[in-house]
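Convention: sequence-line order gives letters A, B, ...; per-chain numbering from 1. Side chains are part of it too, since the values below use all heavy atoms of this structure and drop only hydrogens, waters and symmetry mates.
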Amino acid sequence: MTDTQPDDSGYHPQTIETKWRERWKDRRTNEPDLDGAERPFYNLMMFPYPSAEGLHVGNLFAFTGADVFGRFKRMQGFQVFEPIGFDAFGIHSENFALKVGKHPAQLIPSNIANFTRQLTRMGGMFAWEHVLSTTDPTYYKWTQWLFLQLLKRGLAYKKKGAVNWCPNDKTVLSNEQVVGGHCERCGALVEQRVLEQWYFRITDFADRLLANLDDPTRMDWSDTTVLAQKNWLGRSEGAEVRFAVTGADGVEIPVYTTRPDTLFGATFLVLAPEHPLVSQLTSASERAQVEAYRAQAGAKDLVSRKVGDKEKTGVALGSVATNPATGQPIPIWIADYVLMDYGTGAIMAVPGHDERDFAFATRYALPIVRVVAEAGGTAEAPLHEAFGDVDSGTMVHSGQFDGMAPLDAKTAITRWLEAKGHGKGTVQYRLYDWCISRQRYWGPPIPIIYCDACGAVPVPEDQLPVVLPEIDDFRPDDSGISPLARHSEWYHVPCPTCGKQGRRETDVSDTFLDSAWYYLRYPSSEFNDRPFDAARTRKWLPVNSYIGGNEHAVLHLLYSRFITMVLHDAKMLDFDEPFRTFRAHGLIVKDGAKMSKSKGNVVVPDDYIDKWGADTFRTYLMFLGPFQDGGDFRDSGISGPRRFLDKIWDLVTLSSHPDCRDAEIRREVLVKWHQTKKKVAEEISHLRYNTAIAALMELLNVLREQNCAEPGLVGEMVQMIAPFAPHFAEECWERLGHTTSVFDSQWPGFDEALTVEDSVVIAVQVNGKTRGTVTLPRDAGEGDALKAAQADAAIGKHLEGKEFRKVIWVPGRLLNLVVG
RNA sequence: GCUCGGGUGGCGGAAUGGCAGACGCAGGGGUCUUAAACACCCCAGGGGGAAACCCCGUGCGGGUUCGAGUCCCGCCCUGAGCACCA
């Protein structure tokens, strides 16, 4: 810290911040009437994971920005519900507990206590009476209930398959949690394992998840977040083409392609090594080689398979299929660059138009044919070879093909495939079903009981929650089996259906399931007989404003939307999108890197708050730069906002002086005042807090220059700084003689007519270069401006002996004289 | 490789196509003080000039326009996300 604290004249943050925190609590200032509110506004921010290290500056930045918005909406006359809670289940907490040799159930309460202290101290407008923790049985009872609702509707299923396995965290990961082949959380290389897991059918909702993103009546989200979701959903349009296998009666290989127009150039087929038809299609002579290749590909982990070297290898199966367009026989291969879990697990290789196929064809000396003239190239074997003597491009565009209307090549060929029964147009998504099983301890047990007679039986809803037992040996191992599986006294239970000995599911659910519905719980947190109350939910949801980090663009935010859709379709909610508006805030980094304990660059806010006060620190963070950009944390400018608050304080003190009370406000000040009110409201509503604060600083500078401390004006100044510096504003407001909270006052309005100055400064340009300014009455016309410009010596100099060619007049702003 | 952002003083950053650098930090000079801190006043993009004023200036090269940080085309650098998705 390079700055030094100002002396102790007047404004003492520590004293007044303590005072107002106590008042807010005693008077329940931040607890809206959840049943009676007439203009409800649900102001949500992403609840934190309560780490042992406490909140860092990056967290505080995000919460402050969301809190400023909530406080602003409140002063605009809304009853604002701003809840907070703790996302306390999960691997983070468990790993930390393992590291320090304690039980997470013991650690979490103290971490939560510390977070609560920090969040209270920052002056957030939190409705603490509705705080929740996902680890509370009264909460996760309903997380388990949610699983059962999906199961009931066929949206949860168990599947054995290749999954992402993190060898460090010793658990499976969802696809969203694997980043570039590494564990999103710990960075370890992810392996492939075959395990039985529970999945949610999020892919059934892919089209809706995509369509709603573009529906402004449902969603108004940051562009960057919408884009990330679209990329993740990965919609592509193409065709499924079936290739008949030669000599195998009726056997067809379906492939998916986004380029059906290149069908004529498909010179071989490639299947994923684990494709179910491989064995059947392998000739006797190739079998040994094929089996060897499959074994080798299967042993590869996901890293070298998906993101390792791009060397293409494969083997031929010794069988052939027919290209339906050319009628030519083409060989069938397997190669591990084709993925089983996308499309049909098989491709038609078009080496003339696909880089990967080209590399493969080159390596194995397979034929390469170009069929479509692309930019800079020509088609060596145009479509007319197959379709007669019509040029490929014009053939399809001129509609001479099978008498169809003019269409593009892709559509034309798809139509042809459909007509001939060789395939059909299809849509593919990149999205995978959501794997929710975790072979860990610290989460809600999945509420299933396995019975030899009845199969997988859901735990009856009236027997929820399935309480997570407190065990000491919760360390995960490499077996792929959850720690709970070591406790037969826990998992041995009678089958709910037949009463015979059954076994509980010993996996717990993904933390992202906990957070996929927490926003539904907040307004109803005191009801223990239902997850969310119908009337409360109708009043408060969907969420009016959600602010959070874009790192959750495709995880939490996508899962939450999915869960809401499921509950909507189950008629439990009357909306299918949970967050009306979402804004991604920027990330505060330190020395260019995201703050993390392992990098040793975590900045803790407590010392700054001790030294400068929460209000100064909040204002400083919001003044750093655009809220939605974030930036590198530094503390070199913190004295600026502090001096700013000190000066407001002085004005408040000064305003009680009789001279100030009776002083007339000069026109100049009046205009600045109204301009500022207009500007600040506009900037805050767009989360441009840095420029809102700058505008207030400008107004303050004018007031000081003009020696103006008129109480009404000072009061509005205090109101406008209130969202940023809430304790400070309350104290000033009280000193100005008010007896109720500044947050129950109405945000100052402005008079549009008073935002316009009486006289304006016109920039005068000669041939586009500014040569001076003239000051004119607001309503001055072009003629007046021209006269004034010619009269000005400095400007006139540039006009001497020249002839006017053109005059550009922008009223109130600029006069440009084009001369020559 | 693909998809998005972003390149503006010493620093963070402002600028509906209309006086580039608001606001703040740091810096320089001054007032106050025994001295310092605080506070207050003044200066401050670069270059030239005693000054008036002039020239140059928003990553680079073109273009549109009376006028471009802003719009268009082509590059360079940088941050983030996705990545053998057929």
Could you check how far [atom1] of [X] sits from [atom2] of [N], rounded to whole Å?
X       : N      : atom1 : atom2 : answer
K647(A) : C38(B) : NZ    : C1'   : 12 Å
E274(A) : C84(B) : CD    : P     : 14 Å
R235(A) : A86(B) : CZ    : P     : 13 Å
N767(A) : U65(B) : CG    : P     : 16 Å
I347(A) : C84(B) : CD1   : P     : 14 Å
D646(A) : A39(B) : CG    : P     : 8 Å
Q229(A) : C82(B) : CD    : C1'   : 14 Å
R363(A) : C84(B) : CZ    : C1'   : 14 Å

For nucleotides 4-9 of chain B, 5' to 3', base contacts (B), sugar-phosphate-only contacts (S) and non-contacts (-) with protein non-hydrogen atoms under 4.0 Å give S-----
For E705(A), what residues pass the salt bridge (charged side-chain N to carboxylate O under 4.0 Å, His left out) criterion, not counting sequence neighbours?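 E705(A): no salt bridge (charged side-chain N to carboxylate O under 4.0 Å, His left out) contacts found.
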Contacts of type salt bridge (charged side-chain N to carboxylate O under 4.0 Å, His left out), residue D223(A), not counting sequence neighbours: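 D223(A) satisfies salt bridge (charged side-chain N to carboxylate O under 4.0 Å, His left out) with no other residue.
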Could you tell me if R561(A) sits above the aromatic ring of W221(A), with its cationic atom closer than 6.0 Å to the ring centre and no more than 45 degrees from the axis?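 Flagged: R561(A) positioned over aromatic ring of W221(A).
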Quick one: side-chain hydrogen bond (donor to acceptor under 3.5 Å, both in side chains) partners of K590(A), sequence neighbours excluded?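 Partners of K590(A) under the side-chain hydrogen bond (donor to acceptor under 3.5 Å, both in side chains) test: none.
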[N] to [M] separation - [atom1] atoms, rounded to the nearest Å:
N      : M      : atom1 : value
G9(B)  : G45(B) : C1'   : 5 Å
C60(B) : G10(B) : C1'   : 24 Å
G69(B) : U64(B) : P     : 16 Å
C19(B) : G29(B) : P     : 34 Å
U34(B) : C23(B) : C1'   : 37 Å
U58(B) : C71(B) : P     : 15 Å
A20(B) : G46(B) : C1'   : 14 Å
G81(B) : C75(B) : P     : 25 Å

By side chain to side chain contact (heavy atoms under 4.5 Å, CB included) - contacts of N767(A) (at least two apart):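 Scan of N767(A) (side chain to side chain contact (heavy atoms under 4.5 Å, CB included), adjacent residues dropped) gives V818(A), V819(A).
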Taking only residues two or more places apart in sequence or in another chain, which ones pass side chain to side chain contact (heavy atoms under 4.5 Å, CB included) with K797(A)?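 In terms of side chain to side chain contact (heavy atoms under 4.5 Å, CB included), with neighbours along the sequence ignored, K797(A) is linked to no residue.
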Side-chain ion pair, K678(A) and E752(A), N-O less than 4.0 Å: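 Looking at K678(A) and E752(A), the cut-off is met.
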Annotated structure of RNA chain B as dot-bracket, pair cut-off 3.5 Å, Watson-Crick or G-U only, | for inter-strand, is (((((((..(((.....[....))).(((((.......))))).((((....))))..(((((..]....))))))))))))....
Syn if the chi torsion is within 90° of 0, anti otherwise; quick check, which is G28(B)?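 Glycosidic conformation of G28(B): anti.
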Students often get this wrong, so: under 4.0 angstrom with heavy atoms, is K230(A) touching a base, only sugar-phosphate, or nothing?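 Since no nucleic acid heavy atom lies under 4.0 Å of K230(A), the category is nothing.
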Kindly give the atom pairs (protein nitrogen or oxygen, nucleotide nitrogen or oxygen) under 3.5 Å for nucleotides 15-23 of chain B.
unit_1: U16(B); atom_1: O4; unit_2: R813(A); atom_2: NH1; d: 3.1
unit_1: G18(B); atom_1: N2; unit_2: Q765(A); atom_2: OE1; d: 3.2
unit_1: A22(B); atom_1: O2'; unit_2: E698(A); atom_2: OE2; d: 3.1

Which residues pass the ring pair (Phe, Tyr, Trp, His ring centres under 6.0 Å) test with Y364(A), sequence neighbours left out?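 Once residues adjacent in sequence are excluded, the partners of Y364(A) under the ring pair (Phe, Tyr, Trp, His ring centres under 6.0 Å) criterion are W333(A), F360(A).
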For F623(A), which residues count as a ring pair (Phe, Tyr, Trp, His ring centres under 6.0 Å) partner, sequence neighbours excluded?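 Listed in chain order: nothing, the list is empty.
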Could you check which of U3(B), A86(B), A26(B) has an atom nearest any side-chain atom of R643(A)?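 Ranking U3(B), A86(B), A26(B) by closest atom to the R643(A) side chain puts A26(B) first.
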Can you say whether a donor on the side chain of K797(A) sits under 3.5 Å from an acceptor on the base of C53(B), or the other way round?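 There is none.
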Scan for side-chain hydrogen bond (donor to acceptor under 3.5 Å, both in side chains) pairs involving residues 803-816 of chain A, sequence neighbours excluded, and state none if there are none.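 Residue pairs passing side-chain hydrogen bond (donor to acceptor under 3.5 Å, both in side chains), neighbours aside: none found.
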Closest nucleotide of RNA chain B for K806(A) versus for A346(A): which of these residues is on the 5' side?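 Looking at the nearest nucleotide for each, K806(A) comes out on the 5' side.
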Taking for each residue the nucleotide of RNA chain B bearing the nearest heavy atom, is the 5' side occupied by R430(A) or by A228(A)?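 On the 5' side of the pair lies A228(A).
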Taking the six-membered ring where the residue is Trp, are the ring centres of F61(A) and F627(A) under 6.0 Å apart?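 Centroid distance F61(A)-F627(A): below 6.0 Å, so yes.
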Mind listing the closest non-hydrogen atom pair of [X] and [Y] along with its distance?
X       : Y       : result
M717(A) : I648(A) : CE-CD1, 4.0 Å
E757(A) : Q675(A) : OE1-NE2, 3.2 Å
A228(A) : A553(A) : CB-CB, 3.8 Å

Using the six-membered ring wherever Trp is involved, compare the ring planes of Y608(A) and F633(A) and label them parallel, tilted or perpendicular (cut-offs 30° and 60°).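 Taking F633(A) first and then Y608(A), their aromatic rings stand perpendicular (interplane angle over 60°).
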Could you check if a side-chain atom of I347(A) sits within less than 4.5 angstrom of a side-chain atom of D354(A), using non-hydrogen atoms only?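 Not in contact.
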Any Y337(A) side-chain nitrogen or oxygen under 4.0 Å from OP1 or OP2 of A86(B):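 So the side-chain polar atoms of Y337(A) never come under 4.0 Å of the phosphate oxygens OP1 or OP2 of A86(B).
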Nucleotides 55-59 of chain B: which of its N/O atoms have a protein N/O under 3.5 Å away?
unit_1: C55(B); atom_1: OP1; unit_2: R771(A); atom_2: NH2; d: 3.4
unit_1: C55(B); atom_1: OP2; unit_2: R771(A); atom_2: NH1; d: 3.1
unit_1: C56(B); atom_1: OP2; unit_2: K769(A); atom_2: NZ; d: 3.3

